[in-house]
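All of these numbers come straight from a predicted model, not from anything done at the bench. Residue numbering restarts at 1 for every chain, and letters A, B, ... go by the order of the sequence lines.
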Protein chains: 2
Amino acid sequence: MADPLYRQIAQDLQRKIEATELAPGDKLPNEMMFREIYGASRNTIRDAIKWLTNRGLVETKPGQGTFVVRRITPLVTTLSADPSTGMAGGEGKAAFEEINRQRERVRQAKANQEDVSGEGIPEGVPRASTPRVEVQFAARYVAERLRLLESSEVVSRHQAFFLGRDPWSLQTTFYPMMLVERGAEELRRAKDIEEGVVGYLEKALGLKQCGYRVRMLVRPPNEVESRFFGLPDDARTPVVSLIRTAYTDTPGFTGAEIGPYPFRVTFTALPADRNQFVMNSGISPEEPAAPARDQ
Amino acid sequence: MADPLYRQIAQDLQRKIEATELAPGDKLPNEMMFREIYGASRNTIRDAIKWLTNRGLVETKPGQGTFVVRRITPLVTTLSADPSTGMAGGEGKAAFEEINRQRERVRQAKANQEDVSGEGIPEGVPRASTPRVEVQFAARYVAERLRLLESSEVVSRHQAFFLGRDPWSLQTTFYPMMLVERGAEELRRAKDIEEGVVGYLEKALGLKQCGYRVRMLVRPPNEVESRFFGLPDDARTPVVSLIRTAYTDTPGFTGAEIGPYPFRVTFTALPADRNQFVMNSGISPEEPAAPARDQ
DNA sequence: GCAAATTTGTTCGTATGTATT
DNA sequence: CAATACATACGAACAAATTTG
C-alpha cells in the first residue's frame with residue numbers, strides 16, 4: 001500500500017533538502033541519531049540514505065558523515081559551428097581555444113568595468129597531457145566510423161585534459177594508418193601538433209576538412225574514467241561521450257563512394273554532472289552561454 | 001587490502017557478462033544458488049547484484065529473477081543546423097520532420113533494393129499529445145532565458161511525444177505574454193500550430209527567427225519524467241535536457257540591448273539510455289547518422 | 001480462477017572493519 | 001590512541017510480485 005519505510009524516510013529528507021531546511025553542505029544527523037528520529041533500524045536508515053545518494057542529493061564520507069551535496073556550477077562547452085575548428089577535436093592549443101576565448105572576453109569586460117558573470121568559465125589554467133600515441137588494429141567501433149575494415153591499422157592519439165588541477169576530459173583520436181603512409185609523419189609522434197591537426201594535414205598532404213559530424217551519447221563511466229574523474233564508485237554519475245568524425249572531400253582521399261569521406265574520429269568523455277554543451281545556429285548572442293537550469 | 005567480497009563477486013559477474021558467457025537477456029542464477037556458488041550470504045549477493053544494477057549491466061524483476069540487460073538501439077536525433085526548423089522546438093508535424101525525413105529515406109532506399117540499415121530510426125508512428133496551454137508567471141529558469149523579470153507572465157505550451165506506444169519526450173515551450181498581446185492569439189489555444197510556430201509568428205507579427213541556441217545538460221529524472229518514461233525507480237537512468245532558445249532581430253521585438261533577442265524557450269527531456277544526438281557542420285554525409293558506439 | 005512454488009524486496013538484529021578527526 | 005561515523009558481512013523472517021500447475 002504505502003511506500004516502504006526506507007523510501008518514506010528518504011522522501012521526507014528529500015523534501016527537507018528541496019525546501020532548504022537542509023542546505024547544501026549541511027551535515028545530516030548520523031545513522032544512530034536517525035535511528036531514534038525515525039524509529040527504524042540502522043539498515044533501514046542506510047537504505048534511505050542510499051536512495052538519496054543514487055539521486056545525487058547527498059553524499060556520504062566514511063568517518064565524517066552524510067552531507068547535502070553542493071550544486072556544481074557546470075562548465076559550458078560550445079560545440080563550434082565553424083567547421084575549421086571547434087572543441088573535442090583539437091589538440092594542444094586548439095582544444096582550449098574556446099575556453100580561452102571566453103576567458104579573454106570576461107577579462108576584457110571586467111577591465112571595462114562591465115558587469116559580467118564568469119559563471120561556467122573555468123578558473124584553472126587549461127592543460128593537456130602529452131599525447132600517448134599508438135598504432136593499433138581498429139576496434140569495431142572505430143572501424144565503423146572511419147569506414148575501414150575491422151583490424152585495419154590506425155594511429156591512436158590519447159590525451160587527458162585538465163583545468164588547473166581538476167580533470168576535465170579524456171580524449172582519443174584515431175587516424176587511418178594510410179595518412180601516415182602518405183607522409184603525415186607527425187601523427188605518429190608523441191608530441192602536440194601545435195598548429196592543429198586540420199592545418200597540419202592540409203600542409204602535409206593537401207587534405208582539406210570539409211565538415212564534421214558530432215554525435216553525443218550518455219553512458220555509465222568505465223573504470224578508467226571513474227578513476228580519472230574521481231567519480232563516486234557506484235556508477236551514478238554518467239559521462240557524456242562526444243564522437244566527432246571529420247570528413248574530407250579532397251580527391252584521392254575519398255573511398256569508392258561519392259561524397260565526404262571520414263579521415264579522423266575523436267572520442268571524448270566528460271563527466272555529465274559538471275558539463276553543459278551549447279550549439280549555436282544562425283545569429284545568436286555574441287556573449288558565451290552561461291550555465292542554464294531547466295527546473 | 002583486496003576489494004570487498006560483494007565487489008569481487010560483482011566483478012566476476014561483470015567479466016562473465018562482458019565475455020558474453022552470460023548473454024543479453026540471460027537469466028542469472030537466483031540468489032540462493034549464488035549463495036552456494038560464491039559461499040556468501042544472501043545480503044552480500046544482493047549487494048553485488050545492486051552494484052551491477054547501478055552500472056546498467058543487469059536488471060532485477062521481482063518474482064522472476066535477475067537478467068542481463070539487452071542493449072537498446074538508441075534513437076538518433078539530429079539537432080538541425082537549419083535555423084528555420086530543427087527538432088526540439090517544433091510542434092505538431094514540425095517536431096517530427098526530422099524523423100519522417102529519415103523514414104522516407106529508408107523507405108526509398110529499400111524500394112531501390114539498396115542495402116540500408118534502418119537502425120536508429122523508430123518503428124512506431126510519431127505522435128504528439130494535445131498541447132496543454134497555460135498562462136503562468138515565469139519561474140526563474142524561464143525568466144533567465146527570455147530576459148524577463150521573474151514573475152512576468154508567459155504562455156506555457158506542454159506536450160508529450162510518442163513513437164508508436166513508446167513515450168519519447170516531454171516538452172514545454174514558453175513565450176513572453178507580450179507576443180499574445182501583440183496579436184499572436186494562436187499561442188494561447190490548446191491546438192497544434194500545424195504550420196510551425198516560426199511560420200505562424202512571422203505571419204501574425206512579422207517576427208522573424210534569426211537563430212537559436214541549444215543547450216544540453218544531463219541530470220537525474222524528476223518524478224514526472226520517471227513515471228512518463230517508465231524509468232527504473234532508482235534514479236539510475238538520467239535524462240538529457242535540451243534547452244532551445246530562439247532569437248529574433250526584428251526591430252520592435254528586441255530589448256534595450258543591441259543584437260538578437262530571445263522570444264521563445266523550449267525545454268525538452270529525453271531518457272539518456274535510448275537517445276543519441278547528432279550535429280552536422282560543414283559538408284557531412286547525406287545519409288542520416290546511424291547509432292554509434294564508443295567502446 | 002485459485003493455490004502453490006519461486007524469486008526478489010523489505011526490515012529487523014548483530015558483529016566487525018576502515019577511514020577520519 | 002581513542003572516539004566517531006560510515007562500510008561490509010552475516011543471519012533470519014516476512015512481504016510482494018510473478019509464474020506454474
Side-chain angles (χ1 to χ4, degrees), chain A residues 1-14 17 22 25-69 226-227 230-236, chain B residues 1-14 17 22 25-69 226-227 230-236:
Chain A
M1 183 89 344
D3 275 347
L5 182 52
Y6 79 91
R7 212 146 14 173
Q8 291 179 39
I9 296 172
Q11 277 160 1
D12 181 59
L13 288 170
Q14 181 180 21
I17 290 170
L22 291 164
D26 277 6
K27 182 175 178 309
L28 268 57
N30 69 35
E31 293 172 349
M32 284 311 180
M33 269 148 92
F34 269 138
R35 225 182 48 171
E36 287 173 23
I37 295 173
Y38 289 109
S41 78
R42 187 175 161 226
N43 282 332
T44 301
I45 298 296
R46 283 178 59 74
D47 283 346
I49 290 176
K50 191 166 293 174
W51 192 88
L52 293 169
T53 303
N54 279 334
R55 259 145 257 261
L57 293 170
V58 304
E59 58 190 342
T60 60
K61 297 179 192 174
Q64 297 183 58
T66 303
F67 302 84
V68 180
V69 296
S226 271
R227 215 181 9 255
L231 302 178
D233 73 13
D234 53 8
R236 118 182 66 94
Chain B
M1 182 95 339
D3 274 348
L5 182 53
Y6 79 91
R7 208 136 34 169
Q8 291 179 39
I9 296 172
Q11 278 160 0
D12 182 58
L13 288 169
Q14 181 181 22
I17 290 169
L22 291 164
D26 276 6
K27 183 174 176 307
L28 267 58
N30 68 38
E31 292 171 352
M32 284 310 179
M33 268 150 92
F34 269 139
R35 223 183 47 171
E36 288 174 20
I37 295 172
Y38 289 108
S41 78
R42 187 179 163 220
N43 282 332
T44 301
I45 297 296
R46 284 177 60 73
D47 282 347
I49 290 175
K50 192 167 290 171
W51 192 88
L52 293 168
T53 303
N54 279 335
R55 262 146 254 265
L57 293 170
V58 303
E59 58 191 342
T60 59
K61 298 180 191 171
Q64 298 185 57
T66 303
F67 302 84
V68 181
V69 296
S226 270
R227 215 177 13 251
L231 302 178
D233 72 13
D234 52 9
R236 119 181 65 94

Exercise for review: Apply side chain to side chain contact (heavy atoms under 4.5 Å, CB included) to A:V58 and A:I17, showing your working.
Suggested key: CA-CA 9 Å; A:V58 304; A:I17 290 170; 3.7 Å; yes

Check your understanding: How many angstroms lie between atom CG of B:L57 and atom CG of B:L28, to the nearest 0.5 angstrom?
Key -> 10.5 Å

**Study point:** Any pair counted as salt bridge (Lys or Arg N to Asp or Glu O under 4.0 Å), so long as it reaches residues 54-65 of chain A, sequence neighbours left out
**Key:** none

Study note, to complete from the structure: When B:N43 and B:N30 are each assigned the nearest nucleotide of DNA chain C, the 5'-most assignment goes to B:N30

Check your understanding: At their closest point, which heavy atom of A:A48 faces which heavy atom of A:A10, and how far apart are they?
Key -> O-CB, 3.7 Å

Check your understanding: Under a 4.5 Å cut-off applied to non-hydrogen side-chain atoms, are A:T66 and A:F34 in contact?
Key -> no

Review point. OP1 or OP2 of C:dT8 less than 4.0 angstrom from a side-chain nitrogen or oxygen of B:T66, does that happen here?
Key: yes

Listing time: all N or O pairs from protein to nucleotides 17-21 of chain D that are below 3.5 Å?
none

**Study point:** Rounded distance (nearest 0.5 Å) linking atom CD1 of B:I45 with atom CG of B:L13
**Key:** 8.0 Å

Check your understanding: Side chain of B:T60: nearest nucleotide among C:dG9, D:dC6, C:dT11?
Key -> C:dG9

Check your understanding: Does the side chain of B:R46 get closer than 4.0 angstrom to OP1 or OP2 of C:dT8 through an N or O atom?
Key -> no

Review point. Residues from residues 47-57 of chain A sitting under 4.0 Å of DNA chain D, heavy atoms only?
Key: none

Study note, to complete from the structure: Sorted by number, residues from residues 34-42 of chain B placing a heavy atom under 4.0 Å from DNA chain D are B:A40, B:S41, B:R42

Check your understanding: Any side-chain heavy-atom pair from B:L52 and B:Q14 closer than 4.5 angstrom?
Key -> yes

Check your understanding: Less than 4.5 Å apart, any side-chain heavy atom of B:W51 and any of B:I9?
Key -> no

Practice item. Specify the residues of residues 6-14 of chain A, ordered by number, for which at least one heavy atom lies under 4.0 angstrom from an atom of DNA chain C. Key: A:Y6, A:R7

Check your understanding: Between A:E59 (CD) and D:dA7 (P), how many Å, whole number?
Key -> 11 Å

Exercise for review: Provide, to the nearest angstrom, the distance between the CE atom belonging to B:M32 and the P atom belonging to C:dT8.
Suggested key: 9 Å

Practice item. Find out whether A:D12 and A:Y38 are in side-chain contact, i.e. whether some heavy atom of one side chain is under 4.5 Å from a heavy atom of the other. Key: yes

Practice item. Could you tell me the separation between the CD1 atom of A:I49 and the CG atom of A:N54, rounded to the nearest 0.5 Å? Key: 12.5 Å

Revision key, fill the gap. Between CD of A:E31 and C1' of C:dT14 the distance, given in whole Å, is 15 Å

Check your understanding: Do any pairs count as a side chain to side chain donor-acceptor pair (under 3.5 Å) and have a residue in residues 26-37 of chain B, sequence neighbours left out, and if so which ones?
Key -> B:E31-B:R42, B:E31-B:R46

